[in-house]
Amino acid sequence: MKKLLIFLLLLSLFGCNNILKNKQTSDNFNCPRIFFSSEDRVFIDTIANASSIDDVSLKAELNNFAFVEKCHQKDDIAIIPIEILIITEPMDKFEDSNISIPIYAILLNQKNEVIETQYFMVLGSIKKNLGNNIFIETDITYSLKIITENLDTAQIVIGFMIDDKKRLLLN
């Protein structure tokens, strides 16, 4: 009976030892400070890439963010999950309910130096008022998952990617 107990004890120790060796490390990672770009906080879209203010079909604005999960580190990779809120306002010439809005996330270190830039495409759908069949203002939430090897990320700046023609319309 003693031999059986010793055998079971040794078996469980060696079995657990192998499991512990294969386990990846996952540690908490301090979430960086999040900012919205003052220059690229508003996005506009036009019909057929027109360059007139009358041809603006959609206006969107970065409104808020939240950390819905904890930032964490697996081995030498930081995972920063951020959920952003975008308020979209369709204009009179808006036609298709499906939208795609390009955004960027710039990672900065403690010295405010750019260490990495990541790009994302926000996909969403604009709601329609069923009574009068007109598109209405819609809140779009989008989850960014920033994955980086730069463990010294202290700040993240998020903004819309806007071409020069649309930037001129905004100013």
Any idea which heavy atoms bring A105 and I156 closest together, and the distance? CB-CG2, 4.0 Å

Considering only heavy atoms from C-beta outward, does the side chain of P32 approach that of I80 to under 4.5 Å? yes

Any chance you could measure K128, atom NZ, to I136, atom CD1, to the nearest 0.5 Å? 11.0 Å

Over all heavy atoms of both residues, which pair between S125 and I140 is shortest? Give the atoms and the distance, please. N-CD1, 4.4 Å

I'd like to know if the side chain of N109 reaches the main chain of E113, judged simply by a donor and an acceptor atom lying under 3.5 Å from each other, with no hydrogens or angles considered. yes

Passes salt bridge (charged side-chain N to carboxylate O under 4.0 Å, His left out), R167 versus D40? Steps please. CA-CA 9 Å; R167 193 175 303 280; D40 298 330; 2.7 Å; yes

Is a side-chain donor-acceptor pair under 3.5 Å present for Q155 with N112? yes

As an exercise, state the distance from CG of L58 to NZ of K93, rounded to the nearest 0.5 Å. 14.5 Å

Run L108 and T153 through side chain to side chain contact (heavy atoms under 4.5 Å, CB included) and show every step you take. CA-CA 6 Å; L108 305 169; T153 301; over 6 Å; no

Work out which heavy atom in E116 is nearest to a heavy atom in N150; give both atom names and the distance. OE1-ND2, 2.7 Å

Please report the closest heavy-atom contact between V56 and M91, naming both atoms and the distance. O-CB, 3.3 Å

Could you please spell out the steps behind the side chain to side chain contact (heavy atoms under 4.5 Å, CB included) verdict for I147 and I77? CA-CA 7 Å; I147 300 171; I77 296 175; 3.4 Å; yes

Linking I/L/V/M/F/W/Y whenever their side-chain heavy atoms sit closer than 4.5 Å, directly or via other members, would F43 and Y119 fall into one cluster? no

If only atom types and distance count, is the side chain of S143 paired as donor or acceptor with the main-chain N or O of E83 below 3.5 Å? no

Looking at T138, is its backbone amide N or carbonyl O close enough to the side chain of T88 to form a donor-acceptor pair, meaning the two atoms are under 3.5 Å apart? yes

For residues L144 and I79: do they belong to one hydrophobic cluster (side chain heavy atoms under 4.5 Å, members Ile, Leu, Val, Met, Phe, Trp, Tyr)? no

Rounded to the nearest 0.5 Å, how far does CD1 of I134 lie from CD1 of I126? 14.5 Å

Rounded to the nearest 0.5 angstrom, the CD1-CD distance for I87 and E61 is 8.0 Å

Using a 6.0 Å cut-off, check whether atom CG of D96 has over 12 heavy atoms from anything other than its own residue. yes

Over all heavy atoms of both residues, which pair between C31 and F67 is shortest? Give the atoms and the distance, please. CB-CZ, 3.7 Å

Show the numbers, then the answer: is there a ring pair (Phe, Tyr, Trp, His ring centres under 6.0 Å) between F94 and F135? CA-CA 8 Å; F94 188 76; F135 291 104; 4.9 Å; yes

CG (N98) with more than 12 external heavy atoms under 6.0 Å: yes

Answer whether the closest heavy-atom distance between the side chains of P90 and S57 falls below 4.5 Å. no

Mind checking whether V42 and F120 sit in one hydrophobic cluster, side chains of I, L, V, M, F, W, Y counted as touching below 4.5 Å? yes

Which pair of non-hydrogen atoms, one from F160 and one from I103, has the smallest distance, and what is that distance? CD2-CG2, 3.5 Å

CG (D92) with more than 12 external heavy atoms under 6.0 Å: no

Rounded to the nearest 0.5 Å, what's the gap from CD1 on I34 to CD1 on I82? Could you check? 3.5 Å

When rounded to the nearest 0.5 angstrom, what is the spacing between OG1 in T117 and CE in M161? 10.0 Å

Verify, without hydrogens or angle tests, whether Q73 (side chain) and D75 (backbone) share a donor-acceptor contact under 3.5 angstrom. yes

A quick test of your reading: do over 12 heavy atoms of other residues, nucleotides or ligands sit less than 6.0 Å from CD of E149? no

Plane angle bin for F65 and F36 - parallel if under 30°, tilted between 30 and 60°, otherwise perpendicular: perpendicular

Shared ILVMFWY cluster between Y104 and L107, side chains joined below 4.5 angstrom? no

What about I101 and I106, same hydrophobic cluster or not, with Ile/Leu/Val/Met/Phe/Trp/Tyr joined at side-chain heavy-atom distances under 4.5 Å? no

Evaluate the criterion side chain to side chain contact (heavy atoms under 4.5 Å, CB included) for residue pair D139 and T141; output intermediate values, then yes/no. CA-CA 7 Å; D139 297 347; T141 56; 5.7 Å; no

Taking I146's backbone N and O only, do any of them form a donor-acceptor pair with T148's side chain (distance below 3.5 Å, no angle check)? no

Under 3.5 Å, is there a donor-acceptor pair between the side chain of Y142 and the main chain of M121? yes

